[in-house]
Amino acid sequence: MRMYDLIIKKRNGEELSTEEINYFVDGYTKGTIPDYQVSSLLMAIYFQKMNMRETSDLTMAMVHSGDILDLSKIDGVKVDKHSTGGVGDTTTLVLTPMVAALGIPVAKMSGRGLGHTGGTIDKLESFDGFSVEITEEQFIENVNTKKIAIMGQTADLAPADKKLYALRDVTGTVDNISLISSSIMSKKIAAGADAIVLDVKVGDGAFMKSYEDAKKLAEAMVSIGKNVGRNTVAVISDMDQPLGLAIGNALEVKEALDTLSGKGPKDLLELCLALGSNMVVLAGKAQNVEEAKAMLLKTIEDGSATQKLKEFVAAQGGNAEQVTNPELLAKAKFVYEVKSDIEGYVSKINSENIGLVAMELGAGRATKEDSIDLAVGIVLNKKRGDKVAKGDVLAYIHADDEAKIEKAAAGILSNYKISETYEDNIPLIYDVIR
């Protein structure tokens, strides 16, 4: 078998066989096939696309390129959740303790933030001492005893995906449904969950800008899950404005704690209930999403979700006292009000740009090597559809460097669109793909 032949075959729009896909993934992972040939094949795939069988084969080839986490020692149906990324996306911190409080094991691998999107691990590290650097044995033990554990992805988990993504990133071949869906699903499948709930974001602050593209991605990932024996559901949700109000690590943790106490933003709770209820149904704990939502809401009302979060944080070395006393979380030195100079209705908030403003304050990373200031960020005071008078506060900047405030304020003002009238026609949840 020659890589040259695979390139020509796909360039001409033909299907690659399972053996051919395994050959190129294995060879590239081991370093026997060079970058330039894989780059050429990726470009051929980008233009000629892959069918569902090829996409599933690519996914499983990447899964088998490294270790597969064996979660068989964990009792019950293991359910995982993945988001395609966004701004203010604090869902993991809210829904995982709710689901775990119902006795459903949540064994999750998460990542760090890059660019305008926040990472779950960074947010969790807002709890003093919290660590995701736990062994596989500790991970399994924590899920069995606490029903929840989160660890970082190891280098041995789907290493082919890591190499292929780095190459796609520099060859203009990221934006392809088969390549995106196989990348996401290879990591989720290798992480060992029995069932997977996907939060596919759509809008300005998401990777998928249009509903049509988001639906294609959601359908592809659900099909992959089905083809490899994983129950998978995808929820397509709005990221045309930030989720919730807080953008920034400790600020988002505080918002998550407020939500678990029944005092959080309505949209954040609604999305967590939509995602969490599907996790509960897939775990076999409820017959339908309506029953599951009622069960999840009860964990907020009786305090069991907050208690579960405390147990989880403590089990991974974090200061659990900060869960019940969020005032102990890191705070920025300066809080600055950004006020509107016009009146009307908020008709648009450019999510991606607002996320980048928060990143420049220190809440995110421009490169993987950048350090993060856990205390800084933005808290929105007005969202889409809200009425605004002159002098009303649109947002609060939390900063540790006073020199960054003026630029951040200008960035926020330029990314709020205020109109004379507004009719909201953007749903929080577009669709659920099963």
Side-chain angles (χ1 to χ4, degrees), residues 9-10 13-22 24-25 41-42 44-65 68-69 71 77-85 108-109 157-158 160-161 164-165 168 173-202 206-237 239 274-275 277-284 288-289 429-434:
K9 190 175 181 181
K10 182 47 72 175
E14 298 175 47
E15 283 186 42
L16 298 178
S17 70
T18 302
E19 293 73 25
E20 287 168 334
I21 290 170
N22 288 338
F24 104 76
V25 172
L41 181 60
L42 288 171
I45 290 169
Y46 180 88
F47 283 111
Q48 296 290 3
K49 306 189 180 351
M50 283 180 145
N51 63 26
M52 204 58 247
R53 195 271 307 157
E54 289 176 292
T55 305
S56 294
D57 284 346
L58 176 60
T59 304
M60 293 312 294
M62 292 195 288
V63 169
H64 291 296
S65 69
I68 300 174
L69 201 58
L71 302 182
V77 178
K78 281 74 72 180
V79 184
D80 197 358
K81 166 258 171 191
H82 174 80
S83 169
T84 57
K108 182 166 175 52
M109 286 195 170
L157 204 74
D161 172 62
L164 284 169
Y165 188 86
R168 287 164 56 208
T173 53
V174 169
D175 191 11
N176 172 276
I177 296 294
S178 290
L179 297 176
I180 297 167
S181 58
S182 60
S183 173
I184 292 170
M185 291 300 287
S186 65
K187 295 190 286 285
K188 292 290 105 181
I189 293 164
D194 300 314
I196 303 163
V197 174
L198 303 159
D199 182 9
V200 181
K201 303 291 191 185
V202 58
F207 188 71
M208 293 299 175
K209 306 298 183 188
S210 73
Y211 168 69
E212 291 73 23
D213 286 344
K215 187 176 182 183
K216 286 178 188 174
L217 177 60
E219 289 174 340
M221 291 192 290
V222 170
S223 293
I224 291 170
K226 181 182 178 182
N227 287 346
V228 302
R230 298 291 198 281
N231 284 329
T232 307
V233 171
V235 175
I236 303 175
S237 69
M239 190 41 71
L275 296 168
S277 62
N278 279 286
M279 293 172 75
V280 174
V281 171
L282 290 181
N288 53 60
V289 292
I429 297 167
Y430 283 79
D431 205 351
V432 179
I433 309 296
R434 292 187 171 89

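What's counted below: heavy atoms across the whole structure, side chains too, no hydrogens, waters or symmetry copies.
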- Message: Taking K201 first and then D199, would you say they form a salt bridge - that is, a charged N and a carboxylate O separated by under 4.0 Å?
- Response: yes
- Search all heavy atoms of M62 against all heavy atoms of S186 and return the closest pair with its distance. CB-CB, 3.8 Å
- Message: So I189 and T59, do their side chains get closer than 4.5 Å, heavy atoms only?
- Response: yes
- Quick one: pull up OG in S237 and CG in D431 and give me the separation to the nearest 0.5 Å. 11.5 Å
- Query: Which value, rounded to the nearest 0.5 Å, describes the distance between D213 atom CG and K215 atom NZ?
  - Reply: 12.5 Å
- Message: If you apply the rule side-chain contact (heavy atoms from CB on, under 4.5 Å), what do you find for V289 with V280, and how did you get there?
- Response: CA-CA 8 Å; V289 292; V280 174; over 6 Å; no
- Query: Would a 4.5 Å heavy-atom cut-off, applied to side chains only, mark M50 and S182 as touching?
  - Reply: no
- Task: Please confirm whether the backbone N or O of L179 pairs with a side-chain atom of S183, one donor and one acceptor, at under 3.5 Å?
- Result: no
- Is E54 salt-bridged to K10, cutoff N-O under 4.0 Å? yes
- Query: Tell me, do V174 and F207 make a side-chain contact under 4.5 Å, heavy atoms counted?
  - Reply: yes
- Message: Can you list everything that forms a ring-ring contact (aromatic ring centres under 6.0 Å, His included) with Y211? Sequence neighbours excluded, please.
- Response: Y430
- Query: How about K108 and K188: do any of their side-chain heavy atoms sit closer than 4.5 Å?
  - Reply: yes
- Kindly write out the residues that satisfy salt bridge (Lys or Arg N to Asp or Glu O under 4.0 Å) with R53, not counting sequence neighbours, or none if the list is empty. E15, D57
- Query: Considering only heavy atoms from C-beta outward, does the side chain of F47 approach that of N176 to under 4.5 Å?
  - Reply: no
- Message: Looking at every non-hydrogen atom in both residues, tell me the closest pair between I224 and M185 and how far apart they are.
- Response: CG2-CB, 3.9 Å
- Message: For the backbone of A193 and the side chain of R230, can you confirm whether one donor and one acceptor N or O come within less than 3.5 Å of each other?
- Response: yes
- Given the rule in the side-chain contact (heavy atoms from CB on, under 4.5 Å) test, do I45 and L58 qualify, once you have shown the distances and angles that lead to the verdict? CA-CA 11 Å; I45 290 169; L58 176 60; 5.6 Å; no
- Answer yes or no: is there a donor N or O on one side and an acceptor on the other, between the side chain of D80 and the main chain of I196, under 3.5 Å? no
- Item | For A234, side-chain contact (heavy atoms from CB on, under 4.5 Å) partners two or more places apart | L198, V200, A218, V222, I433
- Query: Do V77 and L282 touch side chain to side chain, with heavy atoms closer than 4.5 Å?
  - Reply: no
- Message: Quick check: do D194 and N231 have side-chain heavy atoms less than 4.5 Å from each other?
- Response: no
- Query: Stepwise, does the side-chain contact (heavy atoms from CB on, under 4.5 Å) test hold for I236 with M208?
  - Reply: CA-CA 10 Å; I236 303 175; M208 293 299 175; over 6 Å; no
- For N22 and A61, which heavy atoms make the closest approach, and how far apart are they? OD1-CB, 3.4 Å
- Compare every heavy atom of T55 with every heavy atom of S178, then report the nearest pair and how far apart it is. OG-OG1, 2.8 Å
- Query: Where is the tightest heavy-atom contact between A158 and K187, given as atom of each residue plus distance?
  - Reply: CB-CG, 4.4 Å
- Query: Which heavy atom in S83 sits nearest to a heavy atom in K81, and how many Å separate them?
  - Reply: CB-NZ, 3.8 Å
- Query: Does D161 reach the side chain of V63, with side-chain heavy atoms less than 4.5 Å apart?
  - Reply: no
- Greater than 12 external heavy atoms within 6.0 Å of K216's NZ: no
